[in-house]
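Starting from 1, each residue takes its place in the sequence as its number.
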Amino acid sequence: MPTHQTLNRVVTDARSWSADTVDAAASWYTPLPEACLAELDDLVRERQAAGGTTDLRVAAGDLVACREALQTARADLDAGRGFVIIDRLPLERYTPDEARTRYWLLGQLLGRPFEQDIVGTLLFDVRDSGQDVAKGARFSRTSAASSFHTDGAFNPDVPDTVALLCLQVARAGGESQLINAFALHNELLERHPEELTTLYRPFLFDRRGQFAAGEREVTETPIFLWDGNELRFRYLHYYLQVGHQQADQPLTPDQARALEVVEALLRREDLRITFTLEAGQMLFTNNRWILHNRTAFEDFDERERRRHYVRLWLSKRAQAGA
């Protein structure tokens, strides 16, 4: 994708929502009809004996009712608000493992599963493991507030869609927050054009140890990319800071100023929406231009009651089950 183009106009369509202009919260939810759940159950019974959950693949003729149920969700992800909540997998009916399997199958209707780490993990358990971000852990392994970011920002290849299945909620906190990069871009273009120009130039992201022997420990890429039609944004402030430190290339004054402006915008409540996922609900976000955040949380003492999400990364290329 060309890196030299710049989006130099304000975008005013459905993709550029703010907290005040996003559509009504009730429209964010896509119900799963009973016919879809029955299809999922049948497909699992037919094929799961052949292997584990991530060995199951959706073919072109599978899950007709589910495909129909997700048509609007697909349009919302690609050209609408950029996120949707699928409501829901009935956890009173399914064990956590059974819910994971059905989530895995549904995800394939919206993209091709994408490896999330160097060992090829396809379904990633998001829960506090007691690790420390300052010691190299990814935010998804901690209870700390993660800051607004896009997933896989440090990867050479970034997922197009990020999904989260809620299996267990925290005792307190752990809310989901979203910000729209088109709205962010509009603000930068109108009020901070010099900083926006800097954000179209390369920065260095720390790769959190997710690289093979002989590869660089940082990824060099602009924060904004524009191909004449689609905006791509990758961001996680802490990984940018560490990336420049790792490479012994301190942020330039222009880069530091641009990041300061972005961070100030990300603190604006009028640009963000906040909500809480319930157990069984699935959040899908367009990772090309939706930033997400998870607020800090307090967990239960009992391990079996602790906050537990399952993350799935999806690519639009060679979409599974197309």
Side-chain angles (χ1 to χ4, degrees), residues 14-15 27-48 50-91 93-94 96-116 120-124 126 151-152 157-167 176 178 230 277-290 292 309-322:
R15 297 171 297 174
S27 65
W28 305 348
Y29 295 81
T30 295
L32 277 185
E34 191 61 36
C36 172
L37 294 172
E39 284 183 335
L40 293 167
D41 293 344
D42 289 343
L43 190 58
V44 171
R45 278 193 294 268
E46 290 171 8
R47 299 184 188 169
Q48 192 164 35
T53 291
T54 56
D55 294 318
L56 291 172
R57 291 294 184 270
V58 176
D62 293 336
L63 304 178
V64 175
C66 293
R67 290 177 190 275
E68 182 176 352
L70 297 184
Q71 280 184 352
T72 299
R74 187 193 302 270
D76 287 338
L77 279 170
D78 289 343
R81 77 181 77 86
F83 71 93
V84 65
I85 301 169
I86 298 178
D87 188 25
R88 68 180 178 89
L89 289 174
L91 298 186
R93 183 187 309 180
Y94 299 131
D97 284 344
E98 289 170 342
R100 286 167 63 99
T101 300
R102 285 148 183 82
Y103 166 59
W104 167 256
L105 294 172
L106 283 169
Q108 291 179 59
L109 301 181
L110 296 171
R112 178 181 61 80
F114 189 103
E115 297 81 3
Q116 300 186 43
T121 302
L122 292 170
L123 284 173
F124 186 92
V126 179
D151 270 13
D157 199 10
V158 175
D160 295 311
T161 304
V162 171
L164 289 168
L165 162 65
C166 177
L167 289 176
S176 295
L178 303 178
E230 184 172 69
L277 286 184
E278 298 177 0
Q281 291 179 336
M282 294 159 281
L283 171 65
F284 287 77
T285 64
N286 184 324
N287 195 54
R288 289 164 286 181
W289 45 268
I290 295 289
H292 60 277
Y309 282 39
V310 183
R311 188 175 67 198
L312 177 62
W313 283 358
L314 301 168
S315 171
K316 303 301 289 185
R317 293 192 299 276
Q319 183 166 310

**Report entry** Min side-chain heavy-atom separation L32-M282 under 4.5 Å
**Finding:** yes
Requested in this report: Supply the atom-to-atom distance R57 CZ to L43 CG, rounded to the nearest 0.5 angstrom.
Outcome: 12.0 Å
Requested in this report: With I85 as reference, evaluate T285, T30, L277 under the side-chain contact (heavy atoms from CB on, under 4.5 Å) test and give the passing residue.
Outcome: L277
Requested in this report: Indicate yes or no: at least one non-hydrogen side-chain atom of I86 is less than 4.5 angstrom from one of L70.
Outcome: yes
Report summary line: Between A99 and L89 the two heavy atoms that sit nearest each other are O-CD1, 3.4 Å
Query raised in the report: Side chains of S27 and R81: does their closest heavy-atom pair fall under 4.5 Å?
Result: yes
Query - Contact check, side chains of P90 and L37, non-hydrogen atoms, under 4.5 Å - result: yes
Requested in this report: Compare every heavy atom of S315 with every heavy atom of F114, then report the nearest pair and how far apart it is.
Outcome: CD1-CB, 3.8 Å
Requested in this report: For the pair D55 and R47, evaluate salt bridge (charged side-chain N to carboxylate O under 4.0 Å, His left out) and give the outcome as yes or no after the intermediate values.
Outcome: CA-CA 9 Å; D55 294 318; R47 299 184 188 169; over 6 Å; no
**Report entry** Which residues share a disulfide bond (SG atoms under 2.5 Å apart) with C66, sequence neighbours left out
**Finding:** C36
Requested in this report: For T53 and W104, work out which heavy atoms get closest and say how close.
Outcome: O-NE1, 3.0 Å
Query raised in the report: salt bridge (charged side-chain N to carboxylate O under 4.0 Å, His left out) with R288: which residues, sequence neighbours excluded?
Result: D78, E230
Requested in this report: State the CD-CG distance between E39 and L105, to the nearest 0.5 angstrom.
Outcome: 11.0 Å
Query - Gap between atom CZ of R311 and atom CG of L122 - 0.5 Å precision - result: 12.0 Å
Query raised in the report: From T101 OG1 over to L106 CG, what is the distance, rounded to the nearest 0.5 angstrom?
Result: 11.0 Å
Report summary line: In short, Y309 meets L164 closest at the heavy-atom pair CD2-CB, 3.9 Å
Query raised in the report: Which atom names give the shortest non-hydrogen contact between L314 and G111, and what distance separates them?
Result: CD2-O, 3.7 Å
**Report entry** Contacts of type salt bridge (charged side-chain N to carboxylate O under 4.0 Å, His left out), residue R100, not counting sequence neighbours
**Finding:** D125
Requested in this report: Rounded to the nearest 0.5 Å, what's the gap from CG on D87 to CG on L283? Could you check?
Outcome: 12.0 Å
**Report entry** Flag side-chain contact, heavy atom, 4.5 Å: L77 against K316
**Finding:** no
Requested in this report: Flag the pair Q108 / P113 as yes when at least one side-chain heavy-atom distance between them is below 4.5 Å, and no otherwise.
Outcome: yes
Report summary line: In terms of heavy-atom contacts, Y103 and V310 come closest through OH-O, 2.8 Å
Report task. Rounded to the nearest 0.5 Å, what's the gap from OG1 on T161 to CH2 on W313? Could you check? Result -> 12.5 Å
**Report entry** Pairwise side-chain contact, R102 with E98, heavy-atom cut-off 4.5 Å (strictly under)
**Finding:** yes
**Report entry** N287 side-chain N/O to V162 backbone N/O, donor-acceptor pair under 3.5 Å
**Finding:** no
